[in-house]
Amino acid sequence: MLGAFFSVFGIIFWLAVLCGGYYLWFRFKKRVNGFTNVRDSDGREVAQTRLAKTQLSNLPTDISLIAGVGKNAAPQQSLNETVLRPTIGLRLISLGVSGALLWMVWLGGADYVPDIPYLKVGVSVIVAYSLLYTNLYELRYDQYGVIHKDWFFREVDFVWHDVVSLRDNGHYAYIVRTADGKKAEVMKYLVGIRPFLTYAHAQIEKNCES
């Protein structure tokens, strides 16, 4: 009887330790992310998605800091549109990660990539495509709406009047949702992103009030 008691107590004890450790890590991670996350021009954070709120798979702090380098520079203006492109920090990360992956594929030996026909070529194509997309990405917006490029380089647009939420996915993108249930992922680390977020927040608040 006493042995069963100690067994149950031991299980409860280690569960408490694990849960307490996760809670402390969660609070620490949330506090750190609060300092590194991109905010709008008024200093307001973007609400996170449910998965991002767990802090389980969010970007490491150092990566977030590097990717954000250059975000406060002035964006380009084209006629009545504001044009946002990737920050210098995000471009450097994409080049570094792509270079490391290609090195592992072609020079790292079988320890990294199994010797399977066409696997190296396939991985290289995916890496090259991701690098190209990241560096050619573009988001344009004006008083009427937003246009950005999806992963197939197609222009996807939505009007501000339909936007009901903007959420941070904890990685490299914001999730934009419209009243009809559609969603789009727009890049987070862009030159001039803070004024864009401020404008987006204002439009969403206006739509929620109407």
Side-chain angles (χ1 to χ4, degrees), residues 33 35-49 52 58-59 62-99 126-208:
N33 284 344
F35 289 114
T36 60
N37 284 347
V38 180
R39 299 169 181 260
D40 68 13
S41 298
D42 298 327
R44 189 188 339 180
E45 286 188 74
V46 179
Q48 293 184 319
T49 62
N58 291 1
L59 282 179
D62 52 348
I63 298 298
S64 297
L65 288 172
I66 295 173
V69 173
K71 66 179 182 294
N72 294 324
Q76 284 188 319
Q77 296 291 140
S78 177
L79 297 178
N80 295 323
E81 290 182 326
T82 303
V83 183
L84 277 58
R85 293 190 173 90
T87 62
I88 183 64
L90 181 59
R91 294 178 190 273
L92 290 175
I93 289 175
S94 67
L95 286 171
V97 171
S98 298
I126 294 174
V127 171
Y129 188 88
S130 299
L131 177 64
L132 187 66
Y133 174 77
T134 299
N135 284 272
L136 294 181
Y137 181 84
E138 181 181 278
L139 181 149
R140 307 194 309 271
Y141 74 99
D142 57 17
Q143 60 180 321
Y144 302 107
V146 181
I147 299 175
H148 86 112
K149 293 180 180 179
D150 66 8
W151 277 99
F152 299 100
F153 290 96
R154 299 174 304 189
E155 288 195 343
V156 178
D157 66 289
F158 44 89
V159 295
W160 287 119
H161 184 71
D162 293 334
V163 178
V164 294
S165 72
L166 177 72
R167 293 286 185 270
D168 182 351
N169 73 351
H171 292 279
Y172 293 98
Y174 293 120
I175 309 298
V176 180
R177 293 185 181 274
T178 57
D180 59 1
K182 294 180 180 179
K183 73 173 184 178
E185 292 188 2
V186 301
M187 276 195 185
K188 181 194 303 185
Y189 298 103
L190 303 174
V191 175
I193 190 65
R194 297 186 67 187
F196 168 80
L197 295 176
T198 303
Y199 195 83
H201 281 148
Q203 299 305 309
I204 292 170
E205 290 175 355
K206 187 188 302 182
N207 293 339
C208 292

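Just so you know, residue 1 is the first one in the sequence shown, and it goes up from there. Computation of the quantities below employed the complete heavy-atom set of this structure, encompassing side-chain atoms and omitting hydrogens, waters and symmetry-equivalent molecules.
No donor-acceptor distance shorter than 3.5 angstrom exists from the side chain of Arg194 to the backbone of Lys71, with no hydrogens or angles considered. Formation of a donor-acceptor pair under 3.5 Å by the Thr198 side chain with backbone atoms of Ser41 is found in this model. Asp142 contributes a side-chain N or O that, together with a main-chain N or O of Tyr144, makes up a donor-acceptor pair within less than 3.5 Å.
The shortest side-chain heavy-atom distance between Val69 and Thr87 does not fall under the 4.5 Å cut-off. The closest side-chain heavy-atom distance from Ile193 to Lys188 is not below 4.5 Å. Side-chain atoms of Tyr172 and Thr134, non-hydrogen and from C-beta on, never get closer than 4.5 Å to each other. Between Leu197 and Val46, the closest side-chain pair of non-hydrogen atoms falls below 4.5 Å.
By the side-chain hydrogen bond (donor to acceptor under 3.5 Å, both in side chains) test, Asp162 is found to be paired with no residue, residues two or more places apart in sequence or in another chain being considered.
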### Query
Run the side chain to side chain donor-acceptor pair (under 3.5 Å) check on Thr82 and Gln77 step by step: do they pass?
CA-CA 5 Å; Thr82 303; Gln77 296 291 140; 3.1 Å; yes

### Message
Run the side chain to side chain donor-acceptor pair (under 3.5 Å) test on Tyr141 and His148 for me, step by step, so that the C-alpha distance in whole Å, both residues' side-chain angles and the decisive distance to 0.1 Å come before the verdict.
### Response
CA-CA 9 Å; Tyr141 74 99; His148 86 112; over 6 Å; no

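A distance of 5.0 Å separates CD1 of Ile204 from CG of Leu166, quoted to the nearest 0.5 Å. Note: Tyr174 OH to Phe196 CZ = 9.0 Å, rounded to the nearest 0.5 Å. Here the CG-OG distance, from Leu90 to Ser64, works out to 11.0 Å after rounding to the nearest 0.5 Å. Separating the CG atom in Leu136 from the CG atom in Leu131 is a distance of 9.0 Å, to the nearest 0.5 Å. Taken to the nearest 0.5 Å, the CD atom of Gln143 stands 12.0 Å off from the CH2 atom of Trp160. Of the inter-residue distances, the one linking Arg167 atom CZ with Glu185 atom CD reads 14.5 Å to the nearest 0.5 angstrom.
Looking at Leu59, Ile63, Leu84 one by one, the single match for side-chain contact (heavy atoms from CB on, under 4.5 Å) with Tyr189 turns out to be Leu59.
For the pair Pro86 and Val191, the tightest heavy-atom approach, listed with the atom from each and the gap, is O-CG2, 3.9 Å. Between Gly170 and Ala52, the shortest heavy-atom contact is N-CB, 3.8 Å. Ser78 approaches Val83 most closely through the heavy-atom pair CB-CG2, 3.9 Å.
Heavy atoms of other residues, nucleotides or ligands lying less than 6.0 angstrom from CG of Asn80 number 12 at most.
Between Tyr133 and Tyr129, the distance from one ring center to the other does not fall under 6.0 angstrom.
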